[in-house]
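So that the names make sense, note that chain A is the first sequence line, chain B the second, and so on, each numbered from 1.
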2 protein chains.
Amino acid sequence: MTETQLESIRKQLHEGGYKLTPQREATVQVLIENEKDHLTAEEIYLLVKLKSPDIGLATVYRTLEMLTELKIIDKISFTDGVARYDLRKEGAKHFHHHLLCLECGDIQEIEDDLLLEVEKTVERDFRFRVTDHRLTFHGICHKCQS
Amino acid sequence: MTETQLESIRKQLHEGGYKLTPQREATVQVLIENEKDHLTAEEIYLLVKLKSPDIGLATVYRTLEMLTELKIIDKISFTDGVARYDLRKEGAKHFHHHLLCLECGDIQEIEDDLLLEVEKTVERDFRFRVTDHRLTFHGICHKCQS
DNA sequence: ATGGTTGCAAAGCCTTTGCAGGCAG
DNA sequence: CTGCCTGCAAAGGCTTTGCAACCAT
C-alpha cells in the first residue's frame with residue numbers, strides 16, 4: 001500500500017518534470033507515515049533528518065512547495081500563522097475537512113464530502129465555478145467535553 | 001448606522017476593560033468603511049495613517065489583536081500566509097463564508113448560513129460541539145469565466 | 001557539458017515585544 | 001500618582017533566495 005503510494009508519487013513527479021531524489025523520497029515517506037498529522041515544515045524537517053541527516057531545511061521547504069504545486073499535498077494554516085502540510089488521499093477530488101478543538105488543539109479529519117449540496121448552491125446562486133474548498137469547524141472535541 | 005456600529009463597539013471595548021482611544025477609533029472606522037474588503041494589517045495601517053498620521057504600525061497590530069479577542073473582527077488567512085481582518089456582522093453568530101477566485105484573487109463574501117445541516121451532521125456523527133467555522137471555496141468567479 | 005538539485009547562510013517578510021514617554025482618571 | 005496606551009526600534013519566527021558545489025545524464 002505504502003509502496004504503491006510512493007510509486008504513484010514518483011510517477012507524478014516525473015510527469016511534472018521532477019526527479020525523486022533521496023531527499024525528496026525521505027520527505028515523501030515522512031508525509032506518508034504521518035498522514036494523519038498536520039505537520040509544520042520544521043516538524044517534517046526534524047523527522048526527515050532521522051532518515052537523511054544531511055538534509056537542509058531549505059530542501060524540505062522546496063520539496064513541500066513542489067508537492068503542493070503538483071497537488072500531492074495541501075498546504076493549510078489554522079489559527080496560528082504556521083503552514084501545515086497534509087497528504088491528499090489518492091483520487092480525492094476535494095480537500096477533506098477538519099475539526100479543530102479549541103481546548104486541546106487536536107485536529108481531526110473528516111473524509112466525508114459534506115459539501116456537495118452547498119457547492120451546488122454556490123455554483124447556482126453566485127455563478128462561481130468551485131474547484132476546491134477549505135472547511136474547518138472550530139469547537140470542542142468529544143474528549144474535551146467531559 | 002455607522003454611528004450606531006461605532007457606539008456598539010465602544011461599549012464592547014468598555015465591557016472588555018479597554019478604552020476607545022483616538023487611534024483605536026480611527027482603526028475601527030477604517031474597518032467599518034472597508035467592511036467588504038479583506039485588508040491586511042499593513043493596508044489597514046496605511047488607511048488609518050490618513051486619519052491619524054502619527055499612529056504606529058505596532059498600535060494597529062495591538063488594536064487588531066484586541067478586536068479579534070473581543071470577537072468584533074475575525075482574523076483569517078487565505079492562500080498566502082498574510083493575516084487579513086474582517087468585521088463581524090452585528091449579531092452574526094457565525095463567521096460568513098468566502099469565495100476566493102484563483103484567477104483574479106478577488107474575495108467575495110456570502111452571508112447565507114449554508115452549513116446548518118452540515119453542522120448537525122458533525123455534532124451527531126463526531127460528537128464535536130461546533131462553535132464556529134471557516135469555509136472558503138476556491139474557484140473561478142463569474143467575471144473570470146468569460 | 002548541461003541542467004536540475006542540494007546545503008548553507010543570508011535576506012525577506014510579517015508580526016510581536018521591550019521600553020521610555022505620554023495621557024487620562 | 002497609577003495604570004493603560006503609544007511610537008519607535010529591535011527582536012522574533014517562519015519562509016524564501018542567492019550561490020557555489022554536486023550529481024546524473
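Rounded to a whole Å, the CD1 atom of B:Ile44 is 14 Å from the C1' atom of C:dC14. Atom-to-atom, CG of B:Leu20 to P of C:dA24 comes out at 14 Å; the value is rounded to the nearest Å. Residue B:Leu57 contributes atom CG, which lies 12 Å from atom C1' of C:dC13 at whole-angstrom precision. The CD1-C1' distance, from B:Ile55 to C:dG22, rounds to 15 Å in whole Å. Rounded to whole Å, atom P of C:dG18 lies 17 Å from atom OH of B:Tyr61. If you take CG of A:Asp80 and P of C:dT16, they are 11 Å apart, rounded to a whole angstrom. Atom OH of A:Tyr18 is separated from atom C1' of C:dT5 by 12 Å (rounded to the nearest Å). For A:Lys19 and C:dG3, the NZ to P distance is 12 Å, given to the nearest whole Å.
Side-chain contact, A:Asp112 with A:His96: no donor N or O sits under 3.5 Å from an acceptor N or O. No side-chain donor-acceptor contact under 3.5 Å links A:Glu109 and A:His97.
For B:Ala58, the side-chain atoms get nearest to C:dT17 when compared with the rest of C:dC8, C:dT6, C:dT17. Looking at the side chain of B:Ala83, the nearest of the listed nucleotides D:dA9, D:dC5, C:dT15 is C:dT15.
Each of A:Tyr85 and B:Lys49 was matched to the nucleotide of DNA chain D holding its nearest heavy atom; the match closer to the 5' end belongs to B:Lys49. Comparing A:Pro22 and B:Glu65 by the nucleotide of DNA chain C whose heavy atom lies nearest to each, the residue mapping closer to the 5' end is A:Pro22.
The residue B:Gln23 sits close only to the backbone: its heavy atoms come under 4.0 Å of sugar-phosphate atoms, none of a base.
The shortest distance between the side-chain N/O atoms of A:Arg62 and the OP1/OP2 oxygens of D:dT17 is not below 4.0 Å. Between B:Thr21 and the phosphate of D:dC5, there is no side-chain N or O to OP1/OP2 separation shorter than 4.0 Å.
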Decide yes or no on salt bridge (charged side-chain N to carboxylate O under 4.0 Å, His left out) for A:Arg127 and A:Asp125, but give the supporting numbers first. CA-CA 6 Å; A:Arg127 297 175 189 284; A:Asp125 295 357; over 6 Å; no
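B:Leu6 and B:Gln29 make their closest contact through CD2-NE2, 4.0 Å (heavy atoms, listed as atom of the first residue, atom of the second, distance).
Clustering ILVMFWY residues whenever any of their side-chain heavy atoms sit less than 4.5 angstrom apart, transitively, puts A:Tyr18 in the very cluster that holds A:Leu87.
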